[in-house]
Amino acid sequence: MTAVVVSSVTKIFNRGRTDEVAALSDVDLEVRDGEFVSLIGPSGCGKSTLLRLIADLIEPSTGTVTVAGQGAAKARKEQAYGIAFQQAGLFEWRTVLRNVELPLELRGLSKRERKARAEQMLALVGLEDFAGHYPAQLSGGMQQRVAIARALAVQPPLLLMDEPFGALDEMTRERLQSELLGICAKTGTSTVFVTHSISEAVFLSNRVVVMSARPGRITASIEVDLPSRDDAGRQSPAYFDKITEVRQALRGTPAAASSPRSSESAAAGTDAR
Amino acid sequence: MTAVVVSSVTKIFNRGRTDEVAALSDVDLEVRDGEFVSLIGPSGCGKSTLLRLIADLIEPSTGTVTVAGQGAAKARKEQAYGIAFQQAGLFEWRTVLRNVELPLELRGLSKRERKARAEQMLALVGLEDFAGHYPAQLSGGMQQRVAIARALAVQPPLLLMDEPFGALDEMTRERLQSELLGICAKTGTSTVFVTHSISEAVFLSNRVVVMSARPGRITASIEVDLPSRDDAGRQSPAYFDKITEVRQALRGTPAAASSPRSSESAAAGTDAR
Amino acid sequence: DQDSATPAPGGSGGALTPVKLQLQWFFQAQFAGYIAAVDQGFYKEQGLDVQLLEGGVDIVPQTVLAQGKADYAIAWVPKALASREQGAGITDVGQIFGRSGTYQVAWKDSGITKAADLKGKKVGNWGFGNEYELFAGMTKAGLDPGKDVTLVQQQFDMQALLKKEIDAAQAMSYNEYAQLLEAKNPATGKLYTPDDFSIIDWKAEGSSMLQDAVWANTEKLNDPAYQQQTVKFLTGTIKGWAFCRDNAEKCRDLVVAKGSKLGKSHQLWQTNETNKLIWPAPGGIGVIDEAAWKQTVDISMTTKNQTGDTVLTKAPEGLAFTNDYINQAITAAKSAGVDVNGTSFQPTTVTLTEGGA
Amino acid sequence: MKRFLYVLLGLAVAAALWEGYKVVGNPEGTVLFGVRILPRADDLSMPHLWTVLERLGRPELTGGRPVWIVVAQACLFTLGITAAGFVIGALVGLLLAVAMERFRVVERGLLPYVILSQTVPLVALAPLVAGWGGTIMPPWAVVSVIAAYLAFFPVAVGMLRGLQSPSASGVELMRSYAAGWWRTLVKLRFPSALPYLFPALRLAGAAAVVGAVVGEISTGTRGGVGRLIIEYSREATSDPAKVYTAMLGAALLGLVVAGLVSLLELPLMRHRRHVEVATL
Amino acid sequence: MKWARAALPPLIVGVLAIVAWELTVSLGRIAPFILPAPSAIWNELVEQRQNVWEAALASGENALIGLVAGAALGVLVAMAASRFKPLTEVSIPFAAVLNALPIIALAPILNNMFESTSSIPRRLVTAIIVFFPVFVNTLRGLREVNPIHQELMHAYAAGGWTFARKVRLPGALPYVFTGLRQASSLAVIAAVVAEYFGGLQTGLGSRITSAAAFTAYPRAWAFVAGACLLGLVFYLTTLLLERLAMPWRTRLIA
Ligand SMILES: Nc1ncnc2c1ncn2[C@@H]1O[C@H](COP(=O)(O)OP(=O)(O)OP(=O)(O)O)[C@@H](O)[C@H]1O
Ligand SMILES: Nc1ncnc2c1ncn2[C@@H]1O[C@H](COP(=O)(O)OP(=O)(O)OP(=O)(O)O)[C@@H](O)[C@H]1O
Ligand SMILES: Cc1ncc(C[n+]2csc(CCO)c2C)c(N)n1
Ligand SMILES: [Mg+2]
Ligand SMILES: [Mg+2]
């Protein structure tokens, strides 16, 4: 079965207002069962929007989204996916264990059951010793691992991640990438992974989907087949080739070609902090 | 002449207290005139500490720091360096132009002079059209460019940067890297550049200095000589080789070797957010 | 106004001596005599330029006097004696009010007519040092003010009594009692009358204490110039009060002109009631009556308030009062043709209008 | 503008509640278990709003000036006292904050007492300062001192937080420019503190009004609304609407002061983010 | 050790201030009817400890009831306002208006509306004064929900009530306590000052004024010291509650 099917989806924010934004235009995407797909593209190209459409956090303007063979809304209500964001987004007033328990709690699992499951998940990400800690007592990398454990807690067939390692330093990042791959392999989860990092996308994915902005659309879909996904893989020529290929696909987008700064100064209005 | 000489420097924070930290231990470093040196290493290895020692923002416990042939304190008072941090740290109540003018103001330049110089710097980073904007109206990448312009405003012989692109997405980052290289080449500035990104370090530097933690020390110093520092350079085998070499130098550090998580869980105490 | 060119009999001629008098409260007819003496030029005749300082909730006149920020102060005797015990060097040089004007007012139908009836009742009380007559009265009647009654902080109005929240309210004959009579009885649509209330008069209960007196700085009283000035000040004061005895309506107008927010009929009532506290003055206005003084001091030393504190811990030391100056002033006033005894004084009947307007 | 409409709406709702309660409420209040849990609704305790408005138009005393003029003048007088107290308090608060920012020891040693100072009830303070009037300062200035005593506190605490708000890198940047403490204060700390200062000033404004009103009452200063409140409340028995006119004046004063303080920040807070300060 | 470092500077300042005060009074021969010496106040405090204690209990009870009522109301109204947008729009400026009013001056009116023989009016004054900081802070906390938490709970298909209970309320807790901290000492001041205007004569306020009227300043200041201590107790208790309620907070008073 197909994990995700996005067909002819368009998303327009603030339709009919002066600040109307066409975030996604006519996007088609399929994620096969067990597949690891990365979304990459310049800031504002609609990666997060696409992910949130799949998660049914927003609704498409036109087109349909199917998750595990059912409508996205139904899938969400059945917790058919786990989700993680760039900010770990842990609940600071809950211990690590109770953070991981939260989705189980909302599913109505018994206290004993959810404790067992949460502990199992923490073991998976190697944090069994920190169950009683509060998030503020953990480093950024550890927090992100808890967030992943939480996303996996309901053992969903699909994992959605929006730049989960974006805030980490490169070395921690590489370690977590390897761990994530291990977990996905072990659990057979399909994954949609948003990232800004070309090397990360290439290292993790079976397929890298390259997007361009204004309006957001998919411009390339690059299959990746590394000899191995470990340190050796990171040094293989195939890896470097794919990195170059993705970079060129990104550069090839019309927006970046027109002027070296245009996309950024245009982004100033929406992307300002 | 040598831009920076750090010799036998040790830095211990909170000496004699229970929370004593040996941040740097017996560090020697020389930066030649016009050289671009990157510092890389795991979180907490003392990269920022070393940079702040050079900037005379803190003082070494033992050892000496010389900048442009004079003591670090004297160099600071003469504004012999420009500095930029991960957070652009612009003053939100000043326009872009007046942010760049700030160091000139403190140097006592006349109004006309500093306006001229600041405009020139903004042109250098390609933001001449945004002189009258306030920082909040700019994207993150543009803010960081203003911060660089500000660091360069006094036309210092030395540029110190602490993960200046750490908060940007990879594509913006690559663009700014190229721009920075262009500026450094044009102005002949020596640069000490702290980063977490292996590829960034390799792409930018004449030399990558690898550090390890607890106590912080320099474990390797890798000369980099890419055929060209542009998109072609990013695809050259020399580039990928150096990346692998730096990665191995980093992995080779005892801290990382002992246990996959040890450095991180140990960091939890100091690094917690 | 009186012609200010009239040569001052006792004055050294020429420039007037500036004198500050600290009052206890806002301008009202309680201080009509001083206001009149200023307005009618009685002080000027004496070579004094008197400035009246208004009081306030936290203004303690005798402290102001002791600190040298006023030359004389009007204060109730027990409060001033307490300040003396704390080191304030002040002396009572003229006991203008010979009688106390403090009532405890209750509804007629409550059956409260004497202090003993207050047992178990809610009793209004101003605090601010105005409570000892009440406490002495209750103590005398065998009640413990701390236990046998519920004391309630009374406001500046009489609503609490009118709404029967409290059973008896503290009232000055010249002020709060009038407020009761200025209020409309919702049942009849007419003003309340004295028949609606019963009054416990502390004078009758034997627990009254001396009230408004002129206090002077003890130390400065050693200075002949200040002595002279005190006599002059008291002379002017006597003339002022005598004027108000004989010209109540004129005094009312003077007080109103001073910016009091209370209405005309109210101020006339107050002038009249104040006169009753002064006149007739058999020993001459302002002369301190030893018996009344002793009663005041005794009560001050023995009566405990709800926290068990007495006003005084020991008998007043030093020159607490003297009749030297008031007697000289009386002589001076008499020789100017002023009736200082008011033997023939007859209070008028003042008709209060709604709100005292 | 929209805010203003909302305030009007809120006032209308409050007025409707008041009159509505007068219609349905028990004139004697609702007593439950011996405790009056709902207020009396009779005209003596809660006069009709129109009675109050109408009272504003009538003379204060027969033949006197209309109440509204008296109240307005009193408000103006109190506004002056408030302004003086506000300025003194803000300055003292500022200086304290700067001293505490400059010297850690001062902060450690003083801050607890700055907080403690606000637990001293005015009732205790007033007699102490009441005597200052007429000697070292005019009597009205004593009231300003009391107002300042309440006003300095939020400024000191808010400003301290503000001065400490710049990031470490901002401070290091100034150090890298070889800027001393003073220049760092002027160029970095002070501008950074503005978003903290203005909310603190608004609190200080409100506190200064309270201080002025209470101070007038306690020191017997003539001419202001505080004095009017107490003088009119003596007539509450016979003229209940009158107290409310003075209260209305005090409320108006509070609003005007809040408005004026907000005006202060308009030119300075453009391009600035707003923060909320937590004092204490 | 750490405690000593934190406690020492204020202690030193306090001791120095008291010594300076004592010396000023005794060397400057300042009469006790102007400014009493700390030693005199201390003596009174010892002598009157029973009275101070009882008065503090009375005022403390009023302050506590006002605080609890005002805080509860503040939290409830903030919850309602955070649920219904229009209510927020009306309530924020309105609360600001309320805060700008010299509420203490309301006391005489409340005394008439309720009854001056009960403690209701002064508790009401306290509650109104407490309401503002609690309301404003809580509302801010309730509105400042981390957008990630919002999306997460949406992803978990959590309902409105679950969301409020599991995210909004605990997330707002630090803000609630910020408000409570400000409110705690305000409550004591309000309760004491409100005694100025009527009601039962049992509390610190009426003791202070009564003593001051008799120029018994050492006694007045003994009761003032009682009021300060009461305020401190309220403040520290709130701080302690905050600690207990939020064990995940490593630092207090951000
Ligand atoms: N809720 C929203 N309302 C209006 N516009 C929105 C909203 N969310 C996103 N957009 C706009 O839609 C476009 C795509 O946004 P999106 O967040 O999906 O980009 P992205 O690829 O995730 O960017 P980034 O790499 O910066 O995270 C942007 O122009 C953005 O401004
Ligand atoms: N001011 C300070 N006081 C005490 N310890 C400090 C201080 N500054 C840094 N340290 C400690 O010194 C060590 C080195 O810190 P430093 O900030 O230099 O690391 P870094 O390599 O820059 O790390 P990162 O990559 O996270 O920025 C860390 O253990 C840190 O906790
Ligand atoms: C709070 C307070 N209430 C009353 C008085 C003064 N007082 C003295 S005599 C008297 C009765 C006639 O007005 C009054 C009221 C005060 N000083 N403080
Ligand atoms: Mg995104
Ligand atoms: Mg660092």
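Just so we're on the same page: letters track the sequence lines, and every chain starts at 1.
Within 6.0 Å of CZ in E:Phe84 there are 12 or fewer heavy atoms belonging to other residues, nucleotides or ligands. Counting non-hydrogen atoms of other residues, nucleotides and ligands closer than 6.0 Å to CD of A:Glu59 gives a total of 12 or fewer. By the 6.0 Å contact criterion, CZ on E:Arg83 is open, its count of non-hydrogen atoms from other residues, nucleotides or ligands being 12 or less.
Annotation: the span from E:Lys166 atom NZ to A:Arg98 atom CZ amounts to 7.0 Å, rounded to 0.5 Å. Interatomic distance, CZ of E:Phe163 versus CG of A:Leu106, reported as 11.5 Å (0.5 Å rounding). If you take CZ on A:Arg150 and CG on E:Leu152, they are separated by 4.5 Å, rounding to the nearest 0.5 Å. Rounding to the nearest 0.5 angstrom, the gap separating the CE atom in E:Met153 from the CZ atom in A:Phe91 is 5.5 Å.
By number of non-hydrogen pairs under 4.5 angstrom with chain E, the leading residue of A:Asp56, A:Leu57, A:Leu102 is A:Leu57. Considering only heavy-atom pairs separated by less than 4.5 Å from chain A, the leading option among E:Ala155, E:Pro147, E:Ala157 is E:Ala155. Of the listed residues (A:Asp162, A:Thr95, A:Leu90, A:Val154), the greatest number of heavy-atom pairs within a distance under 4.5 Å of chain E belongs to A:Leu90. For chain E, the option among A:Gly82, A:Gly89, A:Ala84 with the highest count of heavy-atom pairs below 4.5 Å is A:Gly89.
The part of A:Arg94 that comes within reach of chain E is its side chain, from C-beta onward, which places non-hydrogen atoms under 4.5 angstrom from that chain. Neither the backbone nor the side chain of A:Leu160 has a heavy atom closer than 4.5 Å to any heavy atom of chain E. Using a 4.5 Å cut-off between heavy atoms, A:Glu105 contacts chain E through its side chain alone, with no backbone atom that close. Residue A:Glu92 touches chain E through both its backbone and its side chain, counting heavy-atom pairs closer than 4.5 Å.
Note: E:His149 and A:Trp93 have perpendicular aromatic rings, judged against thresholds of 30 and 60 degrees for the angle between ring planes.
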